[in-house]
Number of protein chains: 2
Amino acid sequence: MQDGTFTPPGYSDGTRTARGRVFESDCPTRKLLDRIGDKWSALILLVLGDEDTRFNDLKRQIGGISQKMLSQTLQSLKRDGLIMRTVEPTTPITVTYSITPLGRELLAALRFMIEWAEVRLPEVEKAQRIHDQALGAD
Amino acid sequence: MQDGTFTPPGYSDGTRTARGRVFESDCPTRKLLDRIGDKWSALILLVLGDEDTRFNDLKRQIGGISQKMLSQTLQSLKRDGLIMRTVEPTTPITVTYSITPLGRELLAALRFMIEWAEVRLPEVEKAQRIHDQALGAD
DNA sequence: CAGCATCCATGACGATACTG
DNA sequence: CAGTATCGTCATGGATGCTG
């Protein structure tokens, strides 16, 4: 858990799959997706994965995010232990956000999805167009 | 793209990172998360990754999902080309949902996050408890 | 600079009832 | 069995204005 790599357990022995847990009432996957499946968490983690960044820098880099959502999402990520908030008592105050080892680990898993999206989204959108044209053909 | 494996491009040469695209206006990652970051898509993909499943079977397996959301999410996943819908003209009608190669590929990326969630969520929740107790300590 | 407080619109989602 | 249609609720998130 020191670096950004994450090796998932199981699957090699063939006995344990994700299926068993995902439908329990306290399903970890559901909880995780509730948190980082929102509109901005993944983007913020991605920026902080590259370099420590200050509040208004984040706001500039992530186009379209409102101050409210940035602040709110940062708090949530900090509460989850995925990012850190560092205050320097300058005037005016200077606040820097950075990713934690735990956050970097999640980011590593996230990158697989990000890369998939970048490579395959054209196919998804092509499927959408075909689907939308074939009205009634099902 | 035939099996469920997905090898992300880039990163080996060190020049290309996900950063460049993720903040474009038509960011693929944002679009993807808008689609499968919802409450049920990931769960449905996970079930269908195991075996083809019928509508009411899905409803039974995924605890807590409403008929409306199941139907709606299935349509969305089908439109994206991630799952298929097969109708057998029995009486009454028999409908089976199955995952596509594209969907299986996404599922493979998703599993990294699922596994991370199952392993690390206790740490996240521990961080939450510590954070909530340290009121004012920042 | 780094936020918080407030108001408001949208839509995600659930519950219920109905259909081929 | 496999859905559709409608209604109501609540959370997400944007816009705006204010603060230390």
Side-chain angles (χ1 to χ4, degrees), chain A residues 25 27 30-44 47-48 52-80 83-98 131 135-138, chain B residues 25 27 29-44 47-48 51-80 83-98 131 135-138:
Chain A
S25 53
C27 166
R30 293 196 195 184
K31 288 184 181 176
L32 174 69
L33 287 178
D34 276 357
R35 306 211 147 270
I36 63 99
D38 67 12
K39 201 168 179 178
W40 304 111
S41 292
L43 283 310
I44 292 176
V47 178
L48 296 183
D52 299 356
T53 313
R54 288 166 56 186
F55 187 88
N56 282 314
D57 259 357
L58 278 167
K59 182 153 169 34
R60 269 184 294 272
Q61 287 194 49
I62 304 177
I65 193 169
S66 65
Q67 240 170 15
K68 177 194 171 182
M69 289 316 298
L70 178 56
S71 172
Q72 191 172 300
T73 308
L74 286 171
Q75 282 182 36
S76 171
L77 290 172
K78 186 198 168 199
R79 190 175 103 98
D80 292 345
I83 68 172
M84 268 185 53
R85 177 179 186 269
T86 309
V87 183
E88 287 169 272
T90 53
T91 20
I93 201 176
T94 302
V95 179
T96 305
Y97 290 90
S98 53
H131 184 270
L135 298 171
D138 201 26
Chain B
S25 52
C27 165
T29 301
R30 293 196 196 183
K31 289 184 180 177
L32 175 68
L33 287 177
D34 275 357
R35 305 210 147 273
I36 63 99
D38 67 10
K39 200 168 180 179
W40 303 110
S41 293
L43 283 311
I44 291 175
V47 178
L48 295 183
E51 56 180 349
D52 299 356
T53 313
R54 288 166 56 186
F55 187 87
N56 282 312
D57 258 357
L58 277 166
K59 183 153 168 34
R60 268 185 295 272
Q61 287 194 50
I62 304 176
I65 192 169
S66 64
Q67 240 169 15
K68 177 191 169 183
M69 289 315 298
L70 178 56
S71 173
Q72 191 172 300
T73 308
L74 286 170
Q75 282 180 37
S76 172
L77 291 172
K78 186 198 166 198
R79 190 175 105 96
D80 292 345
I83 67 171
M84 269 185 52
R85 178 179 185 268
T86 309
V87 183
E88 287 169 89
T90 53
T91 22
I93 202 174
T94 302
V95 179
T96 304
Y97 290 91
S98 53
H131 184 271
L135 297 171
D138 200 26

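With sequence neighbours excluded, the residues satisfying side-chain hydrogen bond (donor to acceptor under 3.5 Å, both in side chains) with A:Ser41 are A:Asp38. B:Thr94 meets the side-chain hydrogen bond (donor to acceptor under 3.5 Å, both in side chains) test with B:Thr90; sequence neighbours excluded.
Residues B:Glu88 and B:Thr96 are in side-chain contact: their nearest non-hydrogen atoms beyond the backbone lie under 4.5 Å apart. At a threshold of 4.5 Å between non-hydrogen side-chain atoms, the residues A:Ile36 and B:Leu33 do not count as touching. Looking at B:Arg30 and A:Leu43, their side chains come closer than 4.5 Å, going by heavy atoms from C-beta outward. Residues A:Arg79 and A:Arg35 form a side-chain contact, since some pair of their non-hydrogen atoms from C-beta on lies under 4.5 Å apart.
OP1 or OP2 of C:dA2 has at least one side-chain nitrogen or oxygen of A:Arg54 nearer than 4.0 Å. Between A:Arg85 and C:dA2 there is no side-chain N or O to OP1 or OP2 distance below 4.0 Å.
Recorded end-axis angle for the helix from C:dC1-D:dG20 to C:dG20-D:dC1 stands at 50°, based on five pairs per end and rounded to 10 degrees.
Think of the region where chain A sits on DNA chain D: with heavy atoms and a 4.0 Å cut, that region ends 5' and 3' at D:dG13 to D:dG17.
When A:Ile62, A:Leu58, A:Leu77 are each tested for a side-chain contact (heavy atoms from CB on, under 4.5 Å) with A:Trp40, only one passes: A:Ile62.
The shortest heavy-atom contact between B:Phe55 and B:Leu74 is CD1-CD1, 3.8 Å.
Separating the CG atom in A:Leu48 from the CE atom in A:Met84 is a distance of 11.5 Å, to the nearest 0.5 Å.
What separates CG of A:Leu74 from P of C:dC1 is a distance of 16 Å, to the nearest Å. In this structure, A:Asn56 places its CG atom 13 Å from P of C:dC4, rounding to the nearest Å. To the nearest angstrom, P of C:dA2 lies 15 Å from CD of A:Gln75.
For residues 56-68 of chain B, the pairs satisfying salt bridge (charged side-chain N to carboxylate O under 4.0 Å, His left out) are B:Asp57-B:Arg60, with sequence neighbours left out.
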Note to self: Using a 4.0 Å heavy-atom cut-off to protein, can you give one letter per nucleotide of nucleotides 12-18 of chain C, 5' to 3': B if the base is in contact, S if only the sugar-phosphate is, - if neither?
What the structure shows: -BBB-B-
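A side-chain donor-acceptor contact under 3.5 Å links B:Thr73 to the backbone of B:Met69.
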